[in-house]
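In what follows, a single structure is set out as structure tokens and then discussed.
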2 protein chains.
Amino acid sequence: MTTPARDHASSPPLTEPVEDYLKAIYTLERRFGAAATSDVASALAVAPASVTGMIRRLASQGYVDHVPYRGVQLTARGRRAALRTIRRHRILESYLTAVLGYPWDRVHDEAERLEHAASDELIERMATALGHPTADPHGAPIPTADGEVDETAYRTLAELPVGETARMLRVSDKNPSLLRYLADIALQPGAEVTMVARAPFDGPITLRIGDAEPVVGPNLAAQVLVESITSSPLPVADAPSATFPVSTPRSRARKPTSR
Amino acid sequence: MTTPARDHASSPPLTEPVEDYLKAIYTLERRFGAAATSDVASALAVAPASVTGMIRRLASQGYVDHVPYRGVQLTARGRRAALRTIRRHRILESYLTAVLGYPWDRVHDEAERLEHAASDELIERMATALGHPTADPHGAPIPTADGEVDETAYRTLAELPVGETARMLRVSDKNPSLLRYLADIALQPGAEVTMVARAPFDGPITLRIGDAEPVVGPNLAAQVLVESITSSPLPVADAPSATFPVSTPRSRARKPTSR
DNA sequence: CATGTAATTTAGTCGAGCCTAAACCTTTGG
DNA sequence: CCAAAGGTTTAGGCTCGACTAAATTACATG
Ligand SMILES: [Mn+2]
Ligand SMILES: [Mn+2]
Ligand SMILES: [Mn+2]
Ligand SMILES: [Mn+2]
């Protein structure tokens, strides 16, 4: 009875670097099936050798599984921690934008630091003040307090067939100047965008957004996620958007811990 | 021209421990004329030897002057850094209380962490949203963005003569249960409080606040700062509230760097 | 004025995170 | 099928900020 009931209390609080590593691994694992050392390194702007060192520590504490030379994957415990930080990040971005008038190209850096300092209470107060939003200002889904997230994979604007109209859903929050440009042409989450024309050989893409017809490059279009408006998302059967080790070979095949 | 204009940019950003040390030193220096190693240690809950180590580093970077065995004092540079952190802390406490509904006994811990993570932009947005408050929820004065702060020394409630009425101004933010109790008896900044009776030999003190007549101990009363309402603060000449090395010997004489 | 006590500093250590350089796997292309 | 290339890990080091244990200093007091 005197033994402090440790239950499944998440042990000592995670440090800022640890939380950032777990977030990065989560994202890379989603994209490639497993996170490569060098990808983590460049995501966090540290040397690859530093990543190896941190991975050893994370593995020893049960946050990741590591197969040397083959990458890391989060354990359930690691995924829980990553989603917690991601929730905080996205609630913070939402709050800063909606309540304090931050422009959407400047919230990311702020949230990147605050996510480690804010208490659960603060995050939940902000979420409540906002009416429990489900997406951040860039359209990224906000995990619930108990670790659920919508992981649907959407199409990019670059893939939208000519003549079709879609709803803009999401864009990466990491590139401020891209975000400013998107705001300029009103290509923001919720906006309706029509594919007017696409020049061949990765040429310029003409869109219609409201009354304007901006012309953008294929790089930009490839970074914007959209959802078809003209037809419902998937008329096909129920494709369960294969989650874990099933690496979707998307231009870059990765190694999903084949023992 | 290619040399980055360093101006008086505050060098590399300060770490969280450094900011907390500077704040603690600022407060102790205000009270005793200089900060003693052991006082800093207990304020920050670290070992005295750790403080000596940090002080060496702070001195080498020009944030403090250290006379071995005699304590530290902030340099102008150190004072500026300390007041910046204090401003952030107090703006944060004000915002959390006023906008997010935090109870005043729980804002301190939150601000203690956020103060190191929030950008200047965030702090100024919060300050603007609040209409640039001059005191935090506990009545502590908020330094301006350029480092000005009201350092007036007020009387404690314990010193209020029987029969006099005063305005409650301030109380330490460090003791949550004290704060909860004060809220219970409505003894909060701005409240009018009358000294009804004081039993001899540090006995219980009877107050009147509104219609209630709470009886409190002398310890509590000594922690509450008040300002006379019946007469103006200081009918005497202009006592410039002696600032720097003039240690006000208040029950504990300290050593103000006598070389 | 000697000496005991309390405060402070020094000495030595540690872990977290980072780095560079060198060794080591895996993959791949000739 | 073998060697170069890339990616990864190991080896060795560094700074920051903490600790304990052992000097050292200041001060009070008899
Ligand atoms: Mn972000
Ligand atoms: Mn971060
Ligand atoms: Mn406080
Ligand atoms: Mn702090």
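Throughout, protein chains are lettered first and strands after them, A, B, ... in sequence-line order, and every chain is numbered starting at 1.
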Residue from B:L58, B:L28, B:V67, B:I55 passing side chain to side chain contact (heavy atoms under 4.5 Å, CB included) with B:V72:
B:I55
Euclidean distance, atom CG of residue A:D39 to atom P of D:dG7 [Å, nearest integer]:
9 Å
Can you check whether B:G62's main-chain N or O pairs, donor with acceptor, with B:T75's side chain at less than 3.5 Å?
yes
Under 4.5 Å between any side-chain heavy atoms of B:E115 and B:D20, yes or no?
yes
Between A:R125 and B:Y102, is NZ or CZ placed under 6.0 angstrom from the six-membered ring centre and within 45° of the ring axis?
yes
Donor-acceptor pair, distance only, cut-off 3.5 Å: does the side chain of A:R90 make one with the backbone of A:P141?
yes
In numerical order, the residues of residues 18-28 of chain B whose heavy atoms come under 4.0 Å of DNA chain C are none
Taking CD from A:Q61 and C1' from C:dA16, how many angstroms apart are they, rounded to a whole number?
11 Å
Compute whether any side-chain donor of one residue and acceptor of the other, for B:S172 and B:Q223, lie under 3.5 angstrom apart.
no
Would you mind telling me which of C:dT27, D:dC19, D:dT25 lies closest to the side-chain atoms of B:V46?
D:dC19
Which residues, if any, of residues 47-57 of chain A bring a heavy atom under 4.0 Å of DNA chain D?
A:P48, A:A49, A:T52
May I ask you to establish whether B:R30 and B:F32 are in a cation-pi arrangement, using a distance under 6.0 Å from NZ or CZ to the six-membered ring centre and at most 45° from the ring axis?
no
Can you check whether B:H66 has a side-chain N or O nearer than 4.0 Å to OP1 or OP2 of C:dT8?
no
Separation of D:dG17 atom P from A:E16 atom CD, nearest Å, is 14 Å
Length of the line joining B:Y69:OH and C:dT8:C1', which is rounded to integer Å
5 Å
Just how far, in rounded Å, is C1' of D:dT15 from CG of B:L58?
15 Å
Hey, are B:T37 and B:D39 close enough side-chain-wise for a donor-acceptor pair under 3.5 Å?
no
Examine D:dG6: is either OP1 or OP2 under 4.0 Å from a nitrogen or oxygen in the side chain of A:S38? Give yes or no.
no
Gap between atoms CG and C1', on B:L44 and D:dC19 respectively (whole Å):
15 Å
Near-ring test B:H89/B:H108, centroid separation under 6.0 angstrom:
yes
